[in-house]
Amino acid sequence: MAQLKHLLGIEGLNPVSVTNLLDLAESYALLNRSGKTQRDSLRGRTLINLFFEDSTRTRTSFELAGRRLGADVVNMSVATSSVTKGETLLDTAATLNAMNCDLLVVRHKSSGAPALLAQKVGASVINAGDGTHEHPTQALLDALTIRRNKGRISGLTIAICGDIVHSRVARSNILLLTMMGNFVRLVGPPTLLPGSIGVNGVEIFHDMEEGLKGADIVMMLRLQKERMTAGLIPSAREYFTFYGLDRKKLSYAKPDALVMHPGPMNRGVEIDSEVADDAARSRIKEQVEMGVAVRMAVLDTCARSNY
Ligand code: ASP
Ligand code: CP
C-alpha cells in the first residue's frame, strides 16, 4: 500500500487506499475472531492517545489495536495533565513528540487540530475526531461493516439520518461512501442539515418515509447537543416522533436493510431499543468490533511509512 504518514481525514484517501485499508482490516478482523490477537509489527513503537474530548469506543479500540500489534500504549489523561495549567495544544504535542512517540492519536473539539499537529511533530498523527470536521476511522469501520454484510461497498443506497450538521461521522461517511460509488441520502430536519454539502450526488430529504424508501443501509446519528448553540429541535419527544428510527420507519427501507449507529446512542431519542437491539437488522455491535480491526490496519500502515 502507498505511504500513509498521517490519517487526517477521508479527504486525502482514494478508492485504492480505502480498499487496501479495508482488506488489511478484514484480515485483522479474522485474526481477532480466531483468538490469535497478538502480533509484533509495532514492537518498540510508542502510541500516545491524546483525547481532549470524551470517548468510549475510539480511545479503547485504539488502545487495544496498539497493544495487539505489540506497541507501548500510553493514554494521556487531559483532565489531569498540564493542559489544565494553560499549556497549549502545540506545546503539549511537542512535549510528547520529544519522548520519541511514533503514533499520536488525537481527538479535539476544534476542526483542524490534528492537521495542525501533523505539521509540527515527527510522529504520525491520526485523527480520532476533530470538531465537526472528520472522524476517518469511524467511516472506515462503517465501510468494513457494510462490505462484510452486503458483500460490496459500492452501488448501495445509504441513508444517513439525524443531526448531520454537527456530525464529523456524517462528513467522513459522505466522503468515503460517495468516493466508492454509493448513493448517499441525508435525512433530517432543515435545522440539522448543512446549507451546502459540497459533495456531488448527495440527496437531501426532510421526511423519513421518502428518505428511507429503497435504502440498503440506515445509519442513525446522535443529536449532538454539546455542539448546538441554539435550540434546533422542539423537544426530544417530538424529534423521536418524526426522526427516531422505530420498526415502522425501518419498514420504509428495503426488507433486508441494515441499521447502523456510530455510538454513543440515545435510546428513545434517535433510535428505538427494539430496532437497536434487533440482532437480525442491527449491526451496531459489529461496528464496534470492526473498530479494533480498522484501527489495527491504520496504525500498522501509518507506522510502516515511518520506517
Ligand atoms: N462518537 C462519535 C463522535 O465522536 C459520534 C457521536 O459522538 O455522536 O463523533
Ligand atoms: N463512535 C465513537 O467515536 O464513539 P466514542 O465517542 O465513544 O469514541
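Along the sequence shown, residues carry numbers from 1. For ligands, and for the atoms within them, numbers begin at 1 and follow the listed sequence.
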Between V292, T137, V288, which is the residue that forms a side-chain contact (heavy atoms from CB on, under 4.5 Å) with S61? V292
Side chains of T145 and D142: do they bring a donor and an acceptor to under 3.5 Å? no
Can G263 be said to touch ligand 2, with heavy atoms closer than 4.0 Å? yes
Using a strict cut-off of 4.0 Å, indicate which atoms of ligand 2 neighbour a heavy atom of T56. 5 (P), 7 (O), 8 (O)
Tell me which protein heavy atom sits closest to atom 4 (O) of ligand 2, plus the residue, atom name and distance to 0.1 Å. R57 NE, 2.9 Å
Give the residue and atom name of whichever protein heavy atom lies nearest to atom 4 (O) of ligand 1, and the separation in Å to one decimal. R168 NH2, 2.8 Å
Evaluate R68 against L64 for side chain to side chain contact (heavy atoms under 4.5 Å, CB included), listing each step before the verdict. CA-CA 6 Å; R68 286 184 181 177; L64 270 178; 4.2 Å; yes
Measure the distance from atom 2 (C) of ligand 2 to every protein heavy atom, then report the residue, atom name and distance (to 0.1 Å) of the closest one. T58 OG1, 3.5 Å
Can you list the atoms of ligand 1 that are under 4.0 Å from a heavy atom of V169? 2 (C), 5 (C), 9 (O)
Report yes if H135 has an N/O atom closer than 3.5 Å to an N/O atom of ligand 2; otherwise report no. yes
Mark up the atoms of ligand 1 that fall under 4.0 Å of a heavy atom belonging to R222, in ascending order. 6 (C), 7 (O), 8 (O)
For Q287, which part has a heavy atom under 4.0 Å from ligand 2: side chain, backbone, both, or neither? neither
The atoms of ligand 1 lying under 4.0 Å from a heavy atom of R107, numbered in the order shown, are 4 (O)
Looking at H135, which atoms of ligand 1 are within less than 4.0 Å of one of its heavy atoms? 3 (C), 9 (O)
Is there a donor-acceptor contact under 3.5 Å linking the side chains of H135 and R107? yes
Side chains of T132 and R227: any donor to acceptor distance under 3.5 Å? no
Below 4.0 Å from any atom of ligand 1, is there a heavy atom belonging to P264? yes
Would you call R107 a ligand 2 contact, heavy-atom distance under 4.0 Å? yes
Among non-hydrogen protein atoms, atom 1 (N) of ligand 1 lies closest to G263 O, 3.0 Å
